[in-house]
Number of protein chains: 2
Amino acid sequence: MATPDTGAGTQTPGKPRLTREAVLAKALEIVDADGADSLTMRRLGQELGRDPMGLYRYAENRAALLDGVAELVLDDLSLTPSDPDWKGQLRTLAHDLRLLALRHPNVVPLLVTRPLSTPLGLRPLGTLRPLEQILSLLVKAGFRAPDALHVYRAYYGFLYGHILNELQEYIVDPDENEALLRLGLHRLPPKEFPRLRSLAPALVEYDGAEELDQGISILLAGLESQLKRQQDSASM
Amino acid sequence: MATPDTGAGTQTPGKPRLTREAVLAKALEIVDADGADSLTMRRLGQELGRDPMGLYRYAENRAALLDGVAELVLDDLSLTPSDPDWKGQLRTLAHDLRLLALRHPNVVPLLVTRPLSTPLGLRPLGTLRPLEQILSLLVKAGFRAPDALHVYRAYYGFLYGHILNELQEYIVDPDENEALLRLGLHRLPPKEFPRLRSLAPALVEYDGAEELDQGISILLAGLESQLKRQQDSASM
DNA sequence: GGGTAAAGTCTACAGTGTAGATAAGGCAAA
DNA sequence: TTTGCCTTATCTACACTGTAGACTTTACCC
């Protein structure tokens, strides 16, 4: 099969020495295309032109492989903790994460469930970095450290919740979307689901970015007033 | 279909005719005990004393079985849409869901991921009922229907987000908890994770109910002000 | 009885993750 | 060069998965 490229030197050509990054990248490709269940060792091996067993050099498990994929995706996120406009930073972070989720919808289940099986302290550093950065951002903004933690939780909680929500209503083909939606809603017994049925039009024209933004505004307003209160009581 | 049975008599004893409820209950038992991955047709069959193939009468798939488990758990939720104290209702609903998640932590991944593979309109009615009830509650509270939808999304989003957050930090044995946590945090490079490391004590004394309640307060305050604004502009 | 449909059981197949044995290569010392 | 050794690659095998399809048994109605 397709032995491309040089391979350079002693290495038998066509096998330019795998790297963990290459493996994870291909794994992400598969997950994006067909979902996490379709990521099997055999398939990954085949698409890399390698023996499936060889992959165990780059990931201890299939589970570890999935963790790697999640981490790889999260690596795209970045924020600048030094920015004094903490609310702005949080807001753009939220939109970045949202776009990232829309770009890799099949990875989202991994993002939200895999951490459940690993205690916080033992997670890969890549997943903890955003947490550290946000904490830093918030402390610089004036929150006491423990409060920063609470804010982080509230914010990320809301963020992930929104993403799950949006993805649930997200369907690829917008034409089919409306049809499917109406079809599905029509199936509901009118007596029992009057509200939901009447909301069909509203459901169709869902604007995730707008919705997210409004939620964030509410949250940030609340958090800021909390910050004010705290600073006042501290200066007494 | 469903010969309404009488049970009793002719049926060979020890095989009192399975019901879908019984199957799902046992399935939930297994998931609670060992996680969703451990729910195999063969094991479920064995624990029910039946041929694994027979289970396909009560669920089309293994996937459908998992959906059934999720639905079964959600059935425990209830709220009274006629209550005029909508904020109170939402708050207790939140705590109910939280407790439910803590009681069935292994089901939470199903709760958040399974809907991602089924368009909203085609979900089992049991999963849509809470949505309808909340919409009804909010409309009675004065929200216009489309806004009620937005509120629902914001609320549930936050709620699920919180649950995921809390479950991530939740470890069964609290003694081991502290140890593990410190151990894990100690592993982090101090230069790169100063905030996180210093927060070890705060991480240990995590109070999920309190945290949830505060978040809800923030959210509800924001939502109520939105409601007021809307009503004002409507009465002009 | 006879006939029909449902419920239960068995076998088989294609696919999974991965342990463990085996082979092939690269490099250092003798 | 020959010998030994260690890392990497490949192969085989095993226990286990979901489930299609054929088959057997049971329950019930006429």
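Below, chain A is the first sequence line, B the second, and so on; all start at residue 1.
Closest to the side chain of B:R62, out of D:dT19, C:dG17, C:dC10, is D:dT19.
Per the geometry, CG belonging to A:L65 stands 13 Å off C1' belonging to C:dT18, to the nearest Å. Rounded to whole Å, atom C1' of C:dT9 lies 11 Å from atom CZ of B:R57. Taking atom CE of residue A:M53 and atom P of nucleotide C:dT22, one finds them 17 Å apart after rounding to whole Å. Regarding B:Y56, its OH atom lies at a distance of 16 Å from the P atom of C:dG8, rounded to whole Å. One interatomic measurement links the two molecules: CD of B:E60 to P of D:dA20, which rounds to 9 Å at whole-angstrom precision.
Within the 4.0 Å cut-off from OP1 or OP2 of C:dT18, at least one side-chain nitrogen or oxygen of A:N61 is found.
Under a 3.5 Å cut-off, the side chain of A:E132 and the backbone N or O of B:L196 do form a donor-acceptor pair.
A donor-acceptor contact under 3.5 Å links the side chain of B:R42 to the base of D:dG18.
Looking at A:R153 and B:E166, no side-chain N of the basic residue comes within less than 4.0 Å of a carboxylate O on the acidic one, giving no salt bridge. With salt bridges taken as basic N to acidic carboxylate O contacts below 4.0 Å, none links A:D32 and A:R103.
Each of B:L219, B:L138, B:L137 was checked for a side-chain contact (heavy atoms from CB on, under 4.5 Å) with B:V151, and the lone residue meeting it is B:L138.
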